[in-house]
Amino acid sequence: MARIAGVNIPTAKRVPIALTYIHGIGQSAAHTICETVGVDPAKRVNELSDAEVLSIREHIDQNFTVEGDLRREVQMNIKRLMDLGCYRGLRHRRNLPVRGQRTHTNARTRKGPAKPIAGKKK
């Protein structure tokens, strides 16, 4: 089992697909990593040599913010917005949609299950 950036990536999958299991690496980034390191994208993770795994790990450490550092950075950005008291920060604080979606109906993922209001009838 290959361990890259603190994540055990699946061994039976192709390298670009397996790299997407790391938080902060998507499909396009995974393909560019394979390209720059010189790993065949059709190769499976269990077919990689130790040197190839090491080169992938070093490339990710040098060029990407992943896993814990990325999560911490995102949380700090949200906290900064909340401390500023800007509109986006207030939406985060109230646990409502941040990017202008309607909330009269929908937004149930963000708001949680609907709460019945006493005495409201049609």
Side-chain angles (χ1 to χ4, degrees):
M1 175 143 317
R3 189 167 175 83
I4 298 174
V7 177
N8 294 329
I9 60 174
T11 54
K13 295 188 185 288
R14 293 188 305 109
V15 177
I17 305 301
L19 287 176
T20 61
Y21 280 68
I22 300 169
H23 181 75
I25 295 180
Q27 287 184 339
S28 61
H31 281 285
T32 55
I33 289 168
C34 289
E35 224 172 74
T36 54
V37 173
V39 175
D40 181 25
K43 236 181 189 182
R44 306 267 171 186
V45 175
N46 54 9
E47 298 169 359
L48 291 176
S49 67
D50 291 337
E52 289 172 325
V53 172
L54 185 65
S55 63
I56 291 172
R57 188 179 300 137
E58 286 174 351
H59 182 75
I60 289 173
D61 287 343
Q62 290 171 1
N63 301 309
F64 290 90
T65 306
V66 291
E67 284 300 322
D69 294 336
L70 180 62
R71 292 178 208 271
R72 194 174 308 108
E73 189 177 318
V74 169
Q75 285 303 314
M76 289 300 291
N77 290 341
I78 292 171
K79 186 179 182 315
R80 178 179 53 82
L81 290 172
M82 287 166 60
D83 291 344
L84 283 172
C86 65
Y87 183 76
R88 280 175 61 200
L90 294 176
R91 301 301 281 182
H92 274 292
R93 196 178 300 155
R94 293 183 186 153
N95 210 18
L96 291 167
V98 177
R99 296 186 178 180
Q101 297 91 332
R102 69 179 289 137
T103 56
H104 177 70
T105 60
N106 303 338
R108 295 277 44 124
T109 302
R110 191 81 176 156
K111 291 167 75 173
K115 301 167 200 80
I117 299 169
K120 183 178 180 184
K121 290 182 182 165
K122 258 195 170 176

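Nothing fancy with the numbering, it's 1 onward along the sequence.
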Test Arg91 against Thr103 for side-chain contact (heavy atoms from CB on, under 4.5 Å), laying out the working first.
-> CA-CA 12 Å; Arg91 301 301 281 182; Thr103 56; 3.8 Å; yes
Residues joined to Val15 in its hydrophobic cluster, side chain to side chain under 4.5 Å directly or through other members, sorted by chain and number, are Ile4, Val7, Ile9, Leu19, Ile22, Ile25, Ile33, Val37, Val39, Val45, Leu48, Val53, Ile56, Ile60, Phe64, Val66
Atom NZ in Lys13, atom CG in Asn46: separation rounded to 0.5 Å?
-> 12.0 Å
Any side-chain heavy atom of Met82 sitting closer than 4.5 Å to one from Lys79?
-> no
Enclosure of Lys111 NZ (heavy-atom neighbours >12, cutoff 6.0 Å) = yes
Inter-residue atom distance Arg80.CZ - Cys86.SG, 0.5 Å rounding | 7.5 Å
Just wondering, are more than 12 heavy atoms of other shown residues or ligands nearer than 6.0 Å to CD in Glu47?
-> yes
Those residues that, when tested against Lys43, pass salt bridge (Lys or Arg N to Asp or Glu O under 4.0 Å) (two or more places apart) = Glu52
Report yes or no: do Val98 and Val74 belong to one cluster of Ile/Leu/Val/Met/Phe/Trp/Tyr joined by side chain heavy-atom distances under 4.5 Å?
-> no
Between the CG atom in Asp83 and the CE atom in Met76, the distance rounded to the nearest 0.5 Å is 8.5 Å
Rounded to the nearest 0.5 Å, what separation is found between the CG atom of Leu81 and the CZ atom of Arg88?
-> 5.0 Å
Counting only heavy atoms not in Arg110, do more than 12 sit closer than 6.0 Å to its CZ atom?
-> yes
If you look only at pairs with a residue in residues 59-68, which of them pass as a side-chain hydrogen bond (donor to acceptor under 3.5 Å, both in side chains), with sequence neighbours excluded?
-> Thr36-His59, His59-Asn63, Glu67-Arg71
Over 12 non-hydrogen atoms of neighbours within 6.0 angstrom of CZ in Arg93 | yes
In short, Ala30 meets Pro16 closest at the heavy-atom pair CB-O, 3.3 Å
Shortest non-hydrogen contact from Ala18 toward Pro10 = CB-O, 3.8 Å
Crowded around Asn95 CG? As in, over 12 foreign heavy atoms under 6.0 Å?
-> yes
Specify the closest pair of heavy atoms between Pro97 and Ala107, including all atoms of both residues, with the distance to one decimal.
-> CG-CB, 3.7 Å
Between Arg72 and Asp69, is the closest basic N to carboxylate O distance under 4.0 Å?
-> yes
